[in-house]
Amino acid sequence: MSRKIPCIVLLGPTGAGKTRAALHLARNLPGEVVNFDSRQVYRDFPLITAQPTPEERAVCPHWLYGFLDTEEKLTAGGHVRKCHPVISAIQARGKTPILVGGTGLYLKALLQGLAEVPPVPQEVTLRLEQDLQRVGLAAMHERLQQADPELAARIHPNDKQRTLRGLEVYEATGKPLSWFHGKQEIHSDYHALLLGVQAALPALEPLLAKRIELMLEAGALEEARTAYARCQDPDAPGWTGIGCAELLAFLQGRLSLEEAKALWFRNTRAYAKRQLTWFRKTPDVSWFPHDDPLLPEKMFEQARSFLDGL
RNA sequence: GCCGAGGUAGCUCAGUCGGUAGAGCAGGGGACUGAAAAUCCCCGUGUCGGCAGUUCAAUUCUGUCCCUCGGCA
């Protein structure tokens, strides 16, 4: 019907069991797994970010896991650019790409594309950060109102991140970010079947708490120590992940282990909640209850008929 | 036992020169186009420790009791 690449997407909140289902699909379709999680890309935190284990990775090729240094930053656009060749290559090998992850923006960017905004030079970003320190966020938002009224109307004056993003695009290109958004054509290189692992927050809680204990037993603290030996900057992108930040605070004596664990749990839980909010409005997802023991088989069945029907 | 400081939202605390109270965090809901495990928005009735007294009116002043934390014994 089209030249779009067929692929299976596995989405859902953290800790709901996406990996298990992904491996079943990979074995039987057969397929290869591609990550769309913004944190599982960090090399120094395989355990804390819950990347697939070496045993799990042995089942089939896994892509875009654990390749980034702690100091490095990945962006939605950067991730999409890395994904395209990986997915094409999987198709060329006659396998089915299985996209697995929890970062809603990355998935959206992958499936719908992003506006084609030229890269912003770092000095522009740095200068705006300095301006912010000098004049305050309210003044920066007013500046955005001049530069890009349409965008400013959509961005809350307290939203530092989006206000600065709007300004940096304007400063770097001379055009409003909303202009780039407006001229973007929504198109997709992929024909995707979206399979969601569904889990309500109360059901997820005990699983998330348990997972933290398991991570610590498996050596999460040692992982953090080793990472700390390589990178001491607590503001480095890799350290800002949930679990990483709390363990770092413990290693630096800012929190007791009990406090760190409690905070780690709360942050994980809040994150899962945000994921649920995001994925809830994602269209065309087939949802499967996370506690169904036959979840992998049922997902496989649906994936099979999706692929056969093309 | 004595002296001091406290007992206010699930937690940490602010406040009311007497007119029944509000922040942060937690929690709930939501947004989301290159930092997204990020960033941000909306949602606050709680015997203001108990009892008594003064007062038109007490969470606020007074007395007393209970509890917590320091210090001295």
Side-chain angles (χ1 to χ4, degrees), chain A residues 13-15 35-42 45 48-51 68 70-83 101-122 124-126 128-129 132 137 140-141 148 150-166 168-169 172-173 176-187 200-202 205 208 211-212 215 235-248 259 262-282:
Chain A
T14 187
N35 169 244
F36 70 90
D37 186 289
S38 71
R39 291 292 158 172
Q40 296 187 342
V41 299
Y42 283 104
F45 300 106
I48 302 173
T49 63
Q51 295 172 33
L68 201 66
T70 304
E71 297 82 358
E72 294 177 313
K73 186 157 68 181
L74 184 64
T75 65
H79 179 260
V80 170
R81 280 188 289 278
K82 284 186 191 304
C83 269
T103 303
L105 178 64
Y106 283 16
L107 180 64
K108 190 178 180 186
L110 193 61
L111 297 183
Q112 298 184 9
L114 281 168
E116 283 179 35
V117 182
V120 175
Q122 202 180 18
V124 174
T125 307
L126 290 174
L128 284 168
E129 190 68 44
L132 171 70
L137 183 53
M140 297 302 273
H141 192 267
D148 189 347
E150 190 187 326
L151 184 70
R154 286 203 325 254
I155 294 177
H156 190 95
N158 289 348
D159 196 336
K160 174 187 149 190
Q161 198 165 289
R162 291 190 176 84
T163 300
L164 289 186
R165 169 66 181 160
E168 73 175 16
V169 168
T173 68
L177 179 53
S178 59
W179 180 83
F180 289 102
H181 290 167
K183 100 180 166 105
Q184 175 191 3
E185 307 161 21
I186 305 273
H187 78 286
L201 204 48
E205 272 175 30
L208 297 176
R211 191 174 68 166
I212 288 175
M215 282 178 178
D235 294 325
W239 274 120
T240 59
I242 294 166
C244 306
E246 294 82 356
L247 289 180
L248 179 63
E259 289 168 330
L263 192 61
W264 183 358
F265 173 74
R266 271 192 225 124
N267 288 335
T268 306
R269 188 184 176 287
Y271 168 51
K273 190 167 120 65
R274 266 177 277 134
Q275 286 179 304
L276 291 171
T277 300
W278 180 289
F279 288 132
R280 197 173 293 145
K281 63 155 196 186
T282 304

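Protein chains get the first letters and strands the later ones, always in sequence-line order, with residue 1 at the start of each. Here the structure is a predicted model, which is why all the values come from computation and not from measurement.
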Side-chain heavy-atom pair A:Glu150, A:Trp179 within 4.5 angstrom cut-off: no

Write down the distance between CG (A:Leu151) and C1' (B:rC40), rounded to a whole number of angstrom. 14 Å

Please write out each protein N/O paired with an N/O of nucleotides 9-12 of chain B under 3.5 Å, distance rounded to 0.1 Å.
none

Please give, in whole Å, the distance from B:rU39 P to A:Leu132 CG? 14 Å

Which whole number of Å gives the distance between the C1' atom of B:rU54 and that of B:rG18? 12 Å

Span that lies between the P atom of B:rA26 and that of B:rG19, in whole angstrom: 32 Å

For nucleotides B:rC66 and B:rC13, find the distance between their C1' atoms and express it as a whole number of Å. 23 Å

B:rG7 and B:rG50: how far apart are their P atoms, nearest whole angstrom? 13 Å

What interatomic distance, in whole Å, is found between C1' of B:rG49 and the corresponding atom of B:rA58? 15 Å

Rounded at 0.5 Å granularity, tell me how far CD in A:Gln161 sits from OG1 in A:Thr163. 10.0 Å

For the atom pair OG1 (A:Thr70) and CZ (A:Phe45), what is the distance rounded to the nearest 0.5 Å? 4.5 Å

Do A:Ile48 and A:Tyr42 come within less than 4.5 Å of each other through their side chains, counting heavy atoms only? no

So, does A:Tyr271 use its side chain to make a donor-acceptor pair with the main chain of A:Thr14 at under 3.5 Å? no

With a cut-off of 3.5 Å and sequence neighbours excluded, list every side-chain donor-acceptor pair involving residues 104-119 of chain A.
none

Between B:rU55 and B:rC3, how far apart are the P atoms? Round to whole Å, please. 30 Å

Using only atom types and a distance under 3.5 Å, with no angle test, would you say the side chain of A:Asn35 pairs donor to acceptor with the backbone of A:Gln40? no

Any side-chain N or O of A:Arg274 less than 4.0 Å from the OP1 or OP2 oxygen of B:rA37? no

Between the side chain of A:Gln275 and the main-chain N/O of A:Thr103, is any donor-acceptor distance below 3.5 Å? no

Integer angstrom distance from the P of B:rC25 to that of B:rC42: 12 Å

Out of curiosity, A:Arg162 CZ to A:Leu151 CG, how far, rounded to the nearest 0.5 Å? 10.0 Å

Distance (rounded to the nearest 0.5 Å) between A:Leu74 CG and A:Lys82 NZ: 7.0 Å

Could you tell me how far B:rC48 sits from B:rU20 if I compare only their P atoms? Round to whole Å. 13 Å

With the side chain counted from C-beta on, respond yes when A:Leu164 and A:Leu132 share a heavy-atom pair under 4.5 Å apart, and no when they do not. yes

Could you give the CG-to-C1' distance, from A:Leu263 to B:rA37, as a whole number of Å? 13 Å

Regarding A:Lys160 and A:Glu129, does a basic nitrogen lie under 4.0 Å from an acidic carboxylate oxygen? yes

Dot-bracket, RNA chain B: Watson-Crick or G-U, under 3.5 angstrom, [ ] crossing, | other strand? (((((((..((((.....[..)))).(((((.......))))).....(((((..]....)))))))))))).

Return the polar atom pairs (N/O with N/O) between nucleotides 33-35 of chain B and the protein under 3.5 Å, or none.
unit_1, atom_1, unit_2, atom_2, d
B:rU33, OP1, A:Arg162, NE, 3.3
B:rU33, O2', A:His181, NE2, 2.4
B:rU33, O2, A:Ala115, N, 3.2
B:rU33, O2, A:Gln184, OE1, 3.4
B:rU33, N3, A:Gln184, OE1, 2.7
B:rG34, OP2, A:Arg165, NE, 3.2
B:rG34, O6, A:Ala115, O, 3.2
B:rG34, N1, A:Ala115, O, 2.5
B:rG34, N2, A:Ala115, O, 3.4

Using the 3.5 Å cut-off, write out each protein N or O paired with an N or O of nucleotides 26-29 of chain B and the distance between them.
unit_1, atom_1, unit_2, atom_2, d
B:rG27, OP1, A:Arg269, NH1, 3.4
B:rG28, OP1, A:Arg269, NH1, 3.4
B:rG28, OP1, A:Arg269, NH2, 2.5
B:rG28, OP2, A:Arg269, NH1, 3.1
B:rG29, OP2, A:Lys273, NZ, 2.9
B:rG29, N7, A:Lys273, NZ, 3.2

Would you say A:Asn158 places a side-chain N or O within less than 4.0 Å of OP1 or OP2 belonging to B:rU39? no

Compile the donor-acceptor pairs under 3.5 Å between side chains in residues 235-248 of chain A and protein atoms, sequence neighbours left out, one pair per line.
unit_1, atom_1, unit_2, atom_2, d
A:Trp239, NE1, A:Cys231, O, 3.0
A:Thr240, OG1, A:Arg39, NH1, 3.1
A:Thr240, OG1, A:Arg39, NH2, 3.1
A:Thr240, OG1, A:Pro237, O, 2.6
A:Glu246, OE1, A:Gly243, N, 2.5
A:Glu246, OE2, A:Asn267, ND2, 2.6

At 4.0 Å (heavy atoms only), tell me whether A:Glu72 reaches a base, stays on the sugar-phosphate, or touches nothing. nothing

Expressed as a whole number of angstroms, how long is the span from A:His79:NE2 to B:rA37:P? 11 Å

Atom CZ of A:Arg269 and atom CG of A:Leu208: how far apart are they, to the nearest 0.5 Å? 9.0 Å

Classify the glycosidic conformation of B:rG34 as syn or anti, calling it syn when the angle lies within 90° of 0. syn

Hey, does A:Thr49 reach any base, or is it just sugar-phosphate, or nothing, if we go heavy atoms under 4.0 Å? base

Roughly, in whole Å, what's the span from CZ in A:Phe279 to P in B:rA37? 9 Å

What is the distance from atom CD1 of A:Ile212 to atom OG1 of A:Thr268, rounded to the nearest 0.5 Å? 4.5 Å

